[in-house]
Amino acid sequence: MVLSFAIPGSDALNFNAPHQQAQFTGKENSGRMKALVKNLLNSLRDLAPIVVVIFFFQFFVLQQPIPNVLDLLLGTLFVVLGLTLFIQGLEWGLFPIGESLAYAFARKGSLFWLLVFAFCLGFSTTVAEPALIAVAAEASQVASLGGMIAGTEQAMSSYAFGLRITVAFSVGLALVIGVMRILKGWPIHLLIIGGYVLVVLVTLIAPQEIIGIAYDSGGVTTSTITVPLVTALGIGLASAIAGRNPMVDGFGLIALASLTPMIFVMIYGILLNAFGSGVV
């Protein structure tokens, strides 16, 4: 199936043009260093309230000295540097490449490949999401201690892997729905309302042990890796399609990506409870 897109200024878009390759002059490098320093100062400003809260409760409420001061200072330094580099990486790398890929697929005009790309992007970024890996591993340990799954390493690994794949699949499907929404101009609020109605209905029949994990899965999917690329995809695609407003149509993919994991993880729990070797 081929879908034609009308892209504003498409004649000026040439992704193989030499001037669009990563060749930076001394002036550009200087500008990038200034941007890096600015982000560093912004990171210090953003983390300052957290440090103030910790010091206030430690000294004035608990009235105790801070343990491992050196480790705390070193850890704070790493957080500041990591946050700075992460934000700079988004601005230099992930946002531009996400938007350029959206433009490129819109120019290609193939609905099939656009949807395949959206699903693969959602699936791959979610599988690699550190927050999801951590939550899945923790959930498998708690499930094992609670007798919900066998206490073997294989059982816990299988449970965590199944949870990750389920969440990744649901995010990929959410991006497919989100891309179709951008193309068709569907109202985002109707999709969200319908989705949460489905969440409530599935909650009524889901095992109690999986509900909390399912709800938390909706949050951990929208973290460091997934959000930048998904946001860039939505904005880039909405900017490339004639008649679409990036502010109105470009956002909303993250909301869908947070919604679908709750539904699918509860279904995962229902299937494990029905066909697994034991309860969830």
Side-chain angles (χ1 to χ4, degrees), residues 1-15 20 42 86-87 89-126 129 167-200 217-264:
M1 179 177 181
V2 176
L3 181 66
S4 297
F5 298 103
I7 304 174
S10 59
D11 293 339
L13 294 175
N14 181 4
F15 295 98
Q20 292 181 324
N42 289 338
F86 173 68
I87 294 174
L90 294 183
E91 296 176 356
W92 289 357
L94 292 186
F95 278 127
I97 194 173
E99 293 182 9
S100 67
L101 284 171
Y103 271 108
F105 274 101
R107 292 181 62 194
K108 187 177 179 65
S110 172
L111 177 61
F112 172 78
W113 286 114
L114 178 60
L115 296 181
V116 168
F117 169 71
F119 178 84
C120 292
L121 179 68
F123 186 92
S124 59
T125 54
T126 305
E129 193 65 68
V167 173
F169 178 85
S170 67
V171 173
L173 182 61
L175 292 198
V176 170
I177 297 173
V179 167
M180 289 299 299
R181 181 191 76 84
I182 294 174
L183 297 178
K184 300 293 186 179
W186 296 336
I188 182 65
H189 63 279
L190 295 182
L191 293 175
I192 297 298
I193 292 173
Y196 276 104
V197 168
L198 189 56
V199 168
V200 173
S217 298
V220 299
T221 56
T222 54
S223 190
T224 53
I225 298 177
T226 308
V227 170
L229 285 171
V230 171
T231 303
L233 171 66
I235 295 174
L237 188 60
S239 301
I241 304 300
R244 295 290 176 263
N245 185 340
M247 287 299 297
V248 176
D249 303 300
F251 293 95
L253 290 179
I254 300 300
L256 292 173
S258 301
L259 174 61
T260 52
M262 293 188 283
I263 299 171
F264 277 79

Undergrad: Could you give the distance from CD1 (I182) to CG (D249), rounded to the nearest 0.5 Å?
TA: 7.0 Å
Undergrad: For atom CH2 of W113, is the number of surrounding heavy atoms from other residues, nucleotides or ligands below 6.0 Å larger than 12?
TA: no
Undergrad: Counting distance only, does the side-chain N/O of R244 pair as donor-acceptor with the main-chain N or O of S239 below 3.5 Å?
TA: no
Undergrad: Give me the atom names and distance for the closest heavy-atom approach of L121 to L233.
TA: CD2-CD2, 3.8 Å
Undergrad: Measuring from S217:OG to I263:CD1, what's the distance to the nearest 0.5 Å?
TA: 12.5 Å
Undergrad: Rounded at 0.5 Å granularity, tell me how far CG in L256 sits from CG in L173.
TA: 9.5 Å
Undergrad: Provide the closest heavy-atom pair for S124 versus C120 in the form atom of the first, atom of the second, distance.
TA: OG-O, 2.7 Å
Undergrad: Strictly distance-based, threshold 3.5 Å: is any side-chain N or O of T125 a donor or acceptor partner for the main-chain N or O of G122?
TA: yes
Undergrad: Side-chain contact, heavy-atom cut-off 4.5 Å: I188 with V248?
TA: no
Undergrad: A side-chain contact here means heavy atoms from C-beta on lying under 4.5 Å apart; do L111 and L183 qualify?
TA: yes
Undergrad: Applying the side chain to side chain contact (heavy atoms under 4.5 Å, CB included) criterion to L253, which one of V227, I235, L175, L229 satisfies it?
TA: L175
Undergrad: With ring pair (Phe, Tyr, Trp, His ring centres under 6.0 Å) as the rule and sequence neighbours excluded, what pairs involving residues 169-188 come up?
TA: F119-F169, F169-F264
Undergrad: Got a second to check how far L191's CG is from Y196's OH, nearest 0.5 Å?
TA: 12.5 Å
Undergrad: Using side-chain heavy atoms (C-beta onward) and a distance below 4.5 Å, is L237 in contact with L114?
TA: yes
Undergrad: Quick one, V220 with E129, criterion side chain to side chain contact (heavy atoms under 4.5 Å, CB included). Give me CA distance, side-chain angles, the key distance, then yes/no.
TA: CA-CA 8 Å; V220 299; E129 193 65 68; 5.9 Å; no
Undergrad: Is the backbone N or O of V176 less than 3.5 Å from a side-chain atom of R181, with the two atoms forming a donor-acceptor pair by type?
TA: no
